[in-house]
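Note that the structure is a prediction, hence the values are computed from the model and not measured.
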Amino acid sequence: MAWIALVIYLYITLFFTILESGHGAEKGSRAPGATAPGDIILGGIFLIHEDVDKENNSYAPHLQPCIRFQGRGFARVLAMINAIEIMNKSPPLTEVNITLGYRILDSCSDVSTALRATADFTQQADCHKGSNSSTCGQPVMAVIGAASSETSIAIARQLTLKMIPQISYSSTAVTLSDKNRFPAFMRTIPNDEHQTAAMVSLLSTYGWNWVGIVATDGSYGRSALDHFVSQASEKGICVAFKSIVPKSVTSRDVHFAITQTAKTIRNIPKAQVVVSFAKSTHMMYLFQEIKNQTLTAGQNIESMRRVWVASDSWSSSSSVKGNLTLEDIGHVVGFTFKRGSMSSFLKYLSMLEAAGHERTVNNSFMQEFYMQLNDSTDSGETDLLAKAVNTLREQVQAGTVFSIEMAVSAIAQAVASVCRGRDCKTAGTVQPWEVLRALRTQEFKLRGKSYKFDSSGDLNLGYDVTMWRSDRGNIHVHDVVAEYNPQDNIFTHNNNNTTQYLQDLKHIISKCSNSCVAGEFKKTAEGQHTCCYECINCTENYYSNNTDMDQCLSCDTNTEWSPKGSSSCIPKALLFFSWQDGFAVVLLTFSALGILLALLVSALFLHQRDTPVVKAAGGPLSQAMLFSLVISFISAMLFVGRPNSFQCKARQVLFGISFTLCVSCILVKTLQIQLAFQFDPRLQEVLRKLYQPYAIVCVCVALQAATCICWLVLKSPFKHIIRNPTTLLEDCHEGSYLAFGVMLGYIAVLAFVCFVCAFKGRKLPQQYNEAKFITFSMLLYLISWLLFVPVYVTTSGVYLPAVEMVVILISNYGILSCHFFPKCYIILFKKEQNTKSAFRKNLYEYSSKTSGSPSVSESSASGKQSSGQNDITSASFFSVSAANPLTPTVVTNCTDQTNCLSLHRGSVRHHCLRRSTSI
């Protein structure tokens with residue numbers, strides 16, 4: 001096998017000797033590349049080597065040798081070559097009889113080297129303007145490349161001088177979209193602003209707001225970092241750390257930067273997500289360094305796992321893993337450019353394997369690639385070719401290949417449109433700026449779809465989201481698990497099992513502080529990140545209904561409340577003395593019973609209206625009293641239920657007027673008693689003149705009615721809501737408490753007068769002993785209302801109306817029990833006492849008792865002749881006048897004037913006082 005390797009080595013050496021002998025004049029200043037003839041030449045600048053050897057410190061201009069060959073960059077070169085060969089056979093070019101050639105050079109990840117390549121392209125254009133243009137090569141009409149944004153920015157400035165169109169397949173710096181600075185630059189991918197927006201959207205979707213950033217120094221890394229930080233802050237995502245690694249892999253500072261970055265990642269374990277805009281080589285070194293530090297610290301290898309959000313710079317690079325597994329690294333979510341069909345390119349690779357070294361004649365990159373593989377293995381030529389093709393297949397990035405194919409297609413169709421109607425085979429007939437104009441203004445097609453560069457020279461097709469997976473310990477870049485649409489800023493998951501990989505990410509937490517749950521708000525300490533906070537419970541009457549709220553929301557304290565740490569407002573309970581309340585049911589039952597009893601008594605009195613008991617009870621006035629009690633019981637019912645305006649105005653007024661009517665009637669009765677049993681003639685005469693029953697009742701009621709009318713007109717009661725911390729108490733506000741007090745005080749005055757008058761006549765005979773009952777009922781009324789006033793003034797609550805209702809019921813039942821029930825008892829069960837003779841007898845006994853026992857006995861002993869007259873006298877004395885029972889009359893009718901003596905101050909002897917009165 002060694003002799004085969006020797007033959008290949010000699011073959012390659014001979015090839016380089018022949019190649020360099022043809023370019024002897026350019027030795028030391030001309031870089032190797034891949035070329036092919038054609039009517040229109042396309043330039044290509046690709047990153048074939050990772051760096052340049054800077055050991056040569058010569059001051060003279062020199063071409064620095066490139067080091068560390070990259071198979072991934074070489075695969076991109078082959079993608080361009082394949083696309084050109086396909087387009088040469090396509091109708092747009094065959095119709096105008098034009099073929100495309102190419103000249104592809106290596107940027108070696110070095111701006112100076114890339115500028116040398118660009119100078120080579122522009123010199124050919126200048127050559128044709130000179131006198132000796134016959135010795136010049138064909139000018140370059142367009143350039144595809146470069147890979148990195150920093151290199152593209154440098155060569156774009158140079159190509160702009162000649163307005164040579166440049167289409168990049170992977171330079172994403174936002175600044176390149178500025179057509180004022182880079183009018184000839186275009187790209188077949190979105191700029192970084194869209195990629196960082198997609199990353200931010202992904203982080204926001206999974207709730208990761210505490211992330212780290214790693215970027216390679218340079219235009220691409222810094223631009224992407226700045227845009228990411230700006231967009232992340234708008235979404236409330238904080239950057240835990242930012243680490244920028246020097247661009248040059250051979251730089252002395254790289255190792256230190258990688259070490260510090262690994263240490264920072266390990267020291268901030270809460271930042272479980274790291275966004276990386278670094279080069280693939282840097283990421284490979286970083287993963288290895290994190291593992292080394294973890295093992296050195298004696299920690300579990302699982303502690304180094306993170307979620308790595310990879311930019312397009314390394315998301316498809318399987319070489320990043322080094323000797324690690326996915327179990328070591330964690331999860332890798334990558335953003336890649338939109339993919340196209342790979343069938344054409346894979347077929348081209350198979351053709352390379354079949355053609356062998358025939359394809360290496362004009363491609364020094366392929367020669368170096370074979371040589372590199374030959375140094376690493378001891379195999380035959382056939383095995384070497386197979387291994388080379390398999391290696392290239394592994395290095396293929398589908399999104400980048402598709403972007404290169406679009407760039408070639410766009411240029412080919414632009415050239416075809418320019419060459420219609422003219423001969424483009426002659427060098428210099430087509431100018432680069434003409435191709436640029438066609439590229440910027442016309443659409444182009446690829447595999448049946450139409451595309452067009454936007455005003456910024458970009459093709460924004462969105463991104464494919466990939467996830468790395470492990471297969472038997474080997475890391476593979478997974479198929480697309482989602483697609484990102486930049487126009488709508490949404491992710492569309494593929495309908496296959498790969499979405500399970502994205503579901504697994506939901507269990508990962510990357511936050512500086514745990515989320516504040518509903519009922520809490522975030523409190524950030526001064527100088528800290530907004531993502532680092534402590535969770536504080538919302539105070540009373542404040543709430544938060546979402547996670548991680550910056551402040552609590554206020555409840556409408558008029559109708560709502562909330563306890564400490566609440567996630568919502570609670571409607572205040574509406575309280576009033578409800579019909580369903582047990583206490584209310586009891587009081588309503590008593591009220592209804594009182595109405596029923598009053599009506600039954602009224603019916604009984606109406607039926608027995610001609611009996612002495614009913615007449616003695618007041619006759620028509622008793623019906624007025626019973627009517628007023630019915631109204632008073634009804635007014636008590638108005639204290640139950642949800643208050644309304646009418647209810648508030650009616651309940652106090654109805655009670656005030658009705659009870660005033662009742663007490664007025666009682667006042668008339670007390671005056672009647674005083675008049676009937678007043679033995680002082682002078683006082684009796686005064687009382688007789690003042691005693692006008694209906695007038696007294698009307699005046700008393702009218703005064704109360706006037707008070708109530710003024711109350712309703714000037715400051716009437718109204719519905720009132722008392723707002724307590726957790727409840728709303730609906731009640732009636734009395735409007736004017738002065739008027740309310742005057743109304744109650746007026747009734748109290750009448751009741752007190754009744755009490756005083758009745759108290760003086762409390763020793764009346766048994767059947768006529770109404771003064772005792774009046775005294776007791778008025779005393780009960782006064783005591784109950786005296787107790788009510790301080791309770792009403794000092795307390796409030798649901799049962800405050802019940803207190804007044806109870807007092808009203810006590811007052812009503814006191815009058816009903818004291819004034820009417822005893823009479824009903826006599827009417828129903830003591831009918832023998834409800835006769836005139838019984839009344840005469842009772843009063844006669846009372847009169848005899850008040851006249852003194854001896855005199856009465858002596859008078860009674862005086863002949864039987866006068867006994868009949870005495871009986872008549874007694875009957876006349878206690879007779880009940882049917883004509884006008886309310887008008888007391890005094891009749892002096894003595895058979896013996898000597899026995900008719902006036903009664904003076906306790907001196908009572910043989911008197912004969914005859915009165916006809918109705919009590």
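With no hydrogens or angles considered, a side-chain donor-acceptor pair links Ser177 and Asn191 at under 3.5 Å. Remark: the Ser311 side chain and the Tyr220 side chain contain an N/O donor-acceptor pair separated by less than 3.5 Å.
Among Val396, Ile404, Leu392, the one residue that satisfies the side-chain contact (heavy atoms from CB on, under 4.5 Å) test with Leu78 is Leu392. No option in Phe74, Tyr169, Phe365 other than Tyr169 meets the ring pair (Phe, Tyr, Trp, His ring centres under 6.0 Å) test with Phe46. Tested against Ser510 for a side-chain contact (heavy atoms from CB on, under 4.5 Å), the candidates Asn209, Leu203, Val273 yield a single pass: Val273. Considering Glu327, His331, Gln272 in turn, Glu327 is the only one that fulfils the side-chain hydrogen bond (donor to acceptor under 3.5 Å, both in side chains) rule with Arg305.
Between the side chain of Asp328 and the main chain of Thr325, a donor-acceptor pair closer than 3.5 Å is present. Listed for the Trp468 side chain is no donor-acceptor partner under 3.5 Å among the backbone atoms of Leu326.
The stretch residues 453-468 participates, sequence neighbours left out, in these salt bridge (charged side-chain N to carboxylate O under 4.0 Å, His left out) pairs: Arg187-Asp458, Lys338-Asp464. Listed by first and then second residue, the salt bridge (charged side-chain N to carboxylate O under 4.0 Å, His left out) pairs that reach into residues 308-318 come to none, sequence neighbours excluded.
In this structure, OG1 in Thr188 is found 10.5 Å from CG in Leu446, a value given to the nearest 0.5 Å. In this structure, CE on Met304 lies 5.5 Å from OG1 on Thr294, to the nearest 0.5 angstrom. Going from atom CG of Asn362 over to atom CD1 of Ile81 covers 7.0 Å, rounded to the nearest 0.5 Å. Atom CD of Glu150 sits about 10.5 Å away from atom CZ of Arg222, to the nearest 0.5 Å.
Counting all heavy atoms, side chain and backbone alike, Phe337 lies closest to Pro190 at CD2-CD, 4.3 Å. Scanning all heavy atoms of the two residues, the minimum distance from Arg76 to Ala147 falls at NH1-CB, 3.7 Å. Pairing each heavy atom of Val408 with each of Ile144, the nearest pair is CG2-CD1, 3.4 Å.
With salt bridges taken as basic N to acidic carboxylate O contacts below 4.0 Å, none links Glu50 and Lys279.
For Tyr451, the OH atom is densely surrounded, since the number of other residues' heavy atoms within 6.0 Å is greater than 12. In Lys263, the NZ atom is not crowded: 12 or fewer heavy atoms of neighbouring residues, nucleotides or ligands sit closer than 6.0 Å. For Ile509, the CD1 atom is loosely surrounded, since the number of other residues' heavy atoms within 6.0 Å does not exceed 12.
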Check: side-chain contact (heavy atoms from CB on, under 4.5 Å) between Ile244 and Lys242: does it pass, once the steps are laid out?
Finding: CA-CA 7 Å; Ile244 299 178; Lys242 292 183 286 187; 5.6 Å; no

Checklist line | From CA spacing to verdict: side-chain contact (heavy atoms from CB on, under 4.5 Å), Leu352, Met366 | finding: CA-CA 10 Å; Leu352 286 180; Met366 188 173 292; 3.9 Å; yes

Next item on the list: Would you sort out whether Cys532 and Cys238 count as a disulfide bond (SG atoms under 2.5 Å apart), showing the intermediate values?
Entry: CA-CA 9 Å; Cys532 299; Cys238 301; over 6 Å; no

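The closest side-chain heavy-atom distance from Ser313 to Ser280 is not below 4.5 Å.
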